[in-house]
Amino acid sequence: MSLTFIRRPPGLQFGGVAVRQLADRAGSTPFFAYDRSAIDARIQEVRNLLPCGISLHYSIKANPMPAVVHYLAARVDGFDVASAQEMALALDAGANPAAIGFAGPGKSHDDLRRAVACGVNVHVESETQLRLVTALGWELGVQPSVAIRVNPDFQVGHSGMRMGGGAAPFGVDVDQVPALLHELQAREVALAGFHIFWGSQCLHAATVIEAQRHSVELVLRLASGLTKPPRFVNLGGGFGIPYFPGETPLDIKAVCEAMHDWLPQLYERLPGITPILELGRYLVGEAGIYVCRVIDHKISRGKTFVITDGGLHHHLAASGNFGQILRRNFPVVIGNRPDGATRKRCHVVGCLCTPLDRLADDIELPEVHIGDFVVVKQSGAYGRSASPLHFLSHPEPVEILV
Ligand SMILES: *Cc1c(COP(=O)(O)O)cnc(C)c1O
């Protein structure tokens, strides 16, 4: 008797590996896979377009998988962290503490103590934080590195998630910044930098350009009374990626070209300053997929439901964020048969007992069989770590970096 190996068509390739093989490597479905070559290519693209002298930071909350953070540590100039755990991840990956910015409206005493002890830049977002940090500097016998996160007084349109221009728990209102600068001076702590975060997930180049211009103007205004220029200004990021049908990629070339309009003035007025761009999803979002398996299908009142072993507990964003927004489909394909000929309309759902657990509504897919792989693209950011993993107590998804 001889063994016959059946050569199956490879189907969708991701990071040079067939989805079927990724599943074997992950050991089980569902899983997230991230493609290091795609992350690298994206960083090269950004670096080639950015005017020299601008620092590129990665915002860890977009994807905190330790292997991803480690991979990025050798490729970006610094990290932005929003918790002590994210700070530890960045430090474990070998990041220079002076190139880590710690922002967040609710940093605890212990978080701040760790940040000061590690020499990380603390982006203070209130007078309380400022006082605590300077007091901790005395207690620990180290000069704390303090930046001020500013709640900008401008608002820009077209941004997916708008911030700034109104009341916010993030940062310090522009009109309160002078009092904080005064307080820093009284405590003999030099200001390390300003941090201005104006929004997220923006696909409109003109909006990003406008926000950056406003941010630079704001920083020049705020820094005008300082005796010594700050070391850095974090201008936020906001670069979006297309998730839904009809969305077009951000024209990053136009964004980077427009930086030349304000850079000379920034360098002239604040000699030695380093502008920082903090990007999260733009660096990793398109370099990730979420893969689950079809475990059943059925017809209800004429509609076909494809039921998977995945769902909103792993990928809240693809499901539509608990129904809070008008739901649109992330790009979904059948990994082992992406180009199957007989296409049919169906609804792809997860395994949770809630009507909100949907991965694709009324989508046209090749005829789906039990055991097929459902692949959700654009899943490299705000996937696993931004999902309610324990909701309904199913197993957690594996993550692999290929
Ligand atoms: C979340 C966050 C980012 C990253 O946002 P993306 O949309 O993933 O690029 C950057 N800066 C701050 C302050 C953030 O809170």
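Whatever order the structure lists them in is the order used to number ligands and atoms, beginning at 1.
None of Leu266, Ile276, Val150 except one satisfies the side chain to side chain contact (heavy atoms under 4.5 Å, CB included) rule with Val233; the exception is Leu266.
For His315, the ring pair (Phe, Tyr, Trp, His ring centres under 6.0 Å) criterion is met by Phe32, Tyr290, Phe330, not counting sequence neighbours.
Looking at His195 next to ligand 1, no N or O pair under 3.5 Å apart turns up. Looking at ligand 1, you won't find any N or O of Tyr282 less than 3.5 Å from one of its N or O atoms. On a distance-only criterion, Ser200 and ligand 1 share at least one N/O pair closer than 3.5 Å. An N or O contact shorter than 3.5 Å is missing between Ser59 and ligand 1 by distance. In terms of polar-atom proximity, defined here as any N/O pair under 3.5 Å, Gly280 does make such a contact with ligand 1.
Arg269 and Ser224 share no side-chain donor-acceptor pair at under 3.5 Å.
Salt bridge Arg293/Asp372: absent, no basic N to carboxylate O contact under 4.0 Å.
Ligand 1 does not have Phe170 within reach: every non-hydrogen atom of the residue lies 4.0 Å or more from it.
Ring geometry for His123 against His195 counts as perpendicular: the plane angle is over 60°, on a 0 to 90° scale with 30° as the lower cut.
Seen from the ring of Tyr382, Lys61 does not count as a face-on cation partner, given the 6.0 Å and 45° thresholds.
For ligand 1, the atoms lying closer than 4.0 Å to a non-hydrogen atom of Lys61 are 1 (C), 2 (C), 3 (C), 14 (C), 15 (O).
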